[in-house]
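Notes follow once the structure below has been shown.
Heads up: numbering here begins at 1 and tracks the sequence.
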Amino acid sequence: MKSRLRQVITLSAVTGMALSASVHTAYADVNLGAILPLTGTSASIGEDQRRGIELAVENINAHGGVNGQKLTVITEDSAGNPVTGLNAVRKLTQVNKVPLVVGDFSSSVTIPVGQYLVKNHLLHINISGTSTDVRKIGKTSWSVIGLDDLSARFSAQDVWKQGWRKVAFVAPDGAYGQGMAEQFTQAFEKAGGKVVANVLYTSGQPSYRRELEQIARAHPDAYVYTSYGQDAIVLNREAWELGLHQTPWYGMYLTMAIAGSPAQYTNGQLGMEVAGIGDRAAVDGDKSYAVTYQQRFNEKPRSVYGSYAFDSVMLAAAAIRQAHSAEPAAMISAMQTVAPGFTGLTGKLDLDTDNQRQSQPYLQVKAADGNLIAR
C-alpha cells in the first residue's frame, strides 16, 4: 500500500456496468441534483466531492451518456446548514425538476434533505452521512457509505488493540456526533474498555479549552475524537497548546479530523478512514481515479469522499440505463435491482433491506507531516 491514502479498488466493473450500453437517439439532457457544503467549515471536502461528481459526469458523457442522453448534475451549496440544504433541495426539485439528488456531506443536512425527497416520491443517494438515523430516511433513499454502527465497531476494536482501556470521547453535538458517541461507547465497553469522559461540543465556538480541560481531568489512556472543518482545527491546536498531545489521540475519519491543521498539531495521531481511492482503479483504461483527479485539478484528492460522490453518480446512471428512463417511478424500480449489487470505486455496496451497506472497507491510518499513511 502506498504511503498516501489510496485503496486499490478497480473501476473496471463500474465501466462495464454503468458505461457500456447501446446508444439511443438523444431527446434531452438528463438532469440530476447534488447538495454539498461548498462554503462553511466543510467546504474543502465539499469541493472534493463536487470534483468527484464532475469526473463521473465527464466519464459517463465520454462513453455516450445515459441511453444516448447527456448527463448533467446541478450542484447547490448547503453551507453545512440544514435550512440551507432544504432550500437547495426544493430549488432542485421544484425549479430544476430533478428526479434524484445526491448528498449532503454531513448527516444533519443529509437526513432532512433525504426525508424531503422520500416524502415527494423522489430518489436520494447518501454519499457521506453516517449517522444511524440515515437508516430511517425511507425506502427511496440509498447509501453508498457505511453507517456509524460499522465504523464505531471498527474503531472500538482498533482502539482496544492499541492497549488503551480508558478513553475520553469528543464529538460535535448533533445527529452525527450523538450517534457516533453512542455506537462507539457500546462497542468499546462490550470489548471490555471504558469511556471515562464523553463531551459533545457545540460546533462553531472560537475555543474548546473548557471542554478539553474537562476531559483531561479524567486522565484517559487516549483521546478518541471525530471532528471536521474549523472545529477540528481549533481542537487540535488547543489540545497541543494544553499539552494533551502527550497522550495518544485517535481520530475517527482521520482525513476530515486533520484537514487544515498544521502538521505539528496532528503528527502521530492514529485513526481510521473509509477506503475508496485506488492506485489501480482504472478510469479510461490505465489511469487511476487519483491520477485522473490530479491531471484534471492539478492536485491530489483532498479526501476519500470524492470517490463516494463519484460512485453515487455512476449508480444513478446505472439505474437510468436499467430503467430506460429518468422518470422517478421507473428509476426507483431500477434502483431496487441495480443498487444492492453495484460495485464501484468503494467496493460492492452489498445493501440490506434498508438500502444501507452491510459491510464497509476501512483503513488503519496515522497522521505524518499533514498526510495520512497506512499503519
Side-chain angles (χ1 to χ4, degrees), residues 9 13-14 17-18 32-36 49 52-53 56 73 85 89 92-93 98-154 175-176 179-180 183 274-276 305 307-323 325-362:
I9 304 290
V14 177
M17 179 179 182
L32 304 178
I35 297 176
L36 304 170
Q49 292 180 313
I53 289 171
V73 176
V89 76
L92 287 169
T93 56
V98 301
L100 178 149
V101 175
V102 307
D104 181 73
F105 171 64
S106 68
S107 299
S108 62
V109 180
T110 296
I111 291 170
V113 164
Q115 289 171 335
Y116 175 90
L117 291 163
V118 170
K119 181 180 179 180
N120 287 278
H121 310 290
L122 300 171
L123 294 82
H124 171 244
I125 299 180
N126 164 42
I127 56 178
S128 54
T130 59
S131 167
T132 53
D133 287 340
V134 167
R135 183 177 293 277
K136 304 174 186 177
I137 291 176
K139 287 294 184 181
T140 61
S141 176
W142 289 262
S143 290
V144 295
I145 195 168
L147 302 185
D148 288 340
D149 53 339
L150 301 180
S151 62
R153 271 201 306 272
F154 180 91
Y176 167 68
M180 191 66 90
Q183 296 290 333
V274 289
Y305 298 105
S307 61
Y308 286 82
F310 182 101
D311 276 359
S312 71
V313 176
M314 302 302 280
L315 173 59
I320 295 169
R321 187 166 288 109
Q322 173 80 10
S325 171
E327 290 299 318
M331 287 182 64
I332 290 169
S333 179
M335 282 284 281
Q336 292 168 354
T337 300
V338 171
F342 179 84
T343 299
L345 277 176
T346 62
K348 185 176 180 180
L349 293 189
D350 187 28
L351 301 182
D352 61 20
T353 55
D354 291 329
N355 302 329
Q356 305 303 320
R357 292 185 82 141
Q358 299 182 79
S359 61
Q360 168 72 57
Y362 295 107

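Here the side chain of His124 pairs no donor or acceptor atom with the backbone of Ile137 at under 3.5 angstrom. In this structure a side-chain-to-backbone donor-acceptor pair under 3.5 Å is missing from Arg357 to Asp350. In this structure, Thr110 contributes its side chain and Asp104 its backbone to a donor-acceptor pair below 3.5 Å. Between the side chain of Thr130 and the backbone N or O of Leu147, no donor-acceptor pair lies under 3.5 Å.
Between Tyr308 and Ser128, the closest side-chain pair of non-hydrogen atoms is not below 4.5 Å. The shortest distance between side-chain heavy atoms of Val118 and Lys139 does not fall below 4.5 Å. Taking the side chain as every heavy atom from C-beta outward, Asp354 and Lys136 never approach each other to under 4.5 Å. With contacts defined as side-chain heavy-atom distances shorter than 4.5 Å, the pair Val89/Leu117 qualifies. Between Thr93 and Leu122 there is a side-chain heavy-atom pair separated by less than 4.5 Å. Put simply, the side chain of Leu351 does not reach to within 4.5 Å of the side chain of Gln358, judged on heavy atoms. Looking at heavy atoms from C-beta onward, Asn355 lies out of side-chain contact with Gln336 at the 4.5 angstrom threshold. Put simply, the side chain of Leu100 reaches to within 4.5 Å of the side chain of Met331, judged on heavy atoms.
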Stepwise side chain to side chain contact (heavy atoms under 4.5 Å, CB included) test for Ile320 and Ser325: CA-CA 5 Å; Ile320 295 169; Ser325 171; over 6 Å; no
Kindly indicate, with the supporting measurements, whether the criterion side chain to side chain contact (heavy atoms under 4.5 Å, CB included) is fulfilled by Thr346 and Phe310. CA-CA 9 Å; Thr346 62; Phe310 182 101; over 6 Å; no
So Thr343 and Leu349, side chain to side chain contact (heavy atoms under 4.5 Å, CB included) or not? Walk me through it. CA-CA 6 Å; Thr343 299; Leu349 293 189; over 6 Å; no
Report the C-alpha distance between Val144 and Phe342 in whole Å, list the side-chain angles of each, state the deciding distance to 0.1 Å, and finish with yes or no for side chain to side chain contact (heavy atoms under 4.5 Å, CB included). CA-CA 9 Å; Val144 295; Phe342 179 84; 6.0 Å; no
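Taking both residues in full, the closest heavy atoms of Ser107 and Val134 are given as OG-CG2, 4.5 Å, listed atom of the first, atom of the second, then distance. Pairing each heavy atom of Val73 with each of Gly33, the nearest pair is CG1-C, 4.1 Å. Closest non-hydrogen pair, Ala323 versus Ala330, comes out as CB-O, 3.5 Å. In this structure, Gln356 and Ser143 approach most closely via the heavy-atom pair OE1-OG, 2.7 Å.
Phe105 and Tyr305 have perpendicular rings, their planes meeting at more than 60° on a 0 to 90° scale where under 30° would count as parallel.
Once rounded to the nearest 0.5 Å, the distance linking CE of Met314 with OG of Ser307 reads 12.5 Å.
Between Arg135 and Asp352 a salt bridge is recorded (basic side-chain N to carboxylate O distance below 4.0 Å).
Within a 6.0 Å radius of CD in Glu327, other residues, nucleotides and ligands contribute 12 heavy atoms or fewer.
With 3.5 Å as the limit, one finds no donor-acceptor pair spanning the side chains of Thr132 and Asp149.
Of the candidates Asn126, Ile125, Ile127, Ile145 forms a side-chain contact (heavy atoms from CB on, under 4.5 Å) with just one, namely Asn126.
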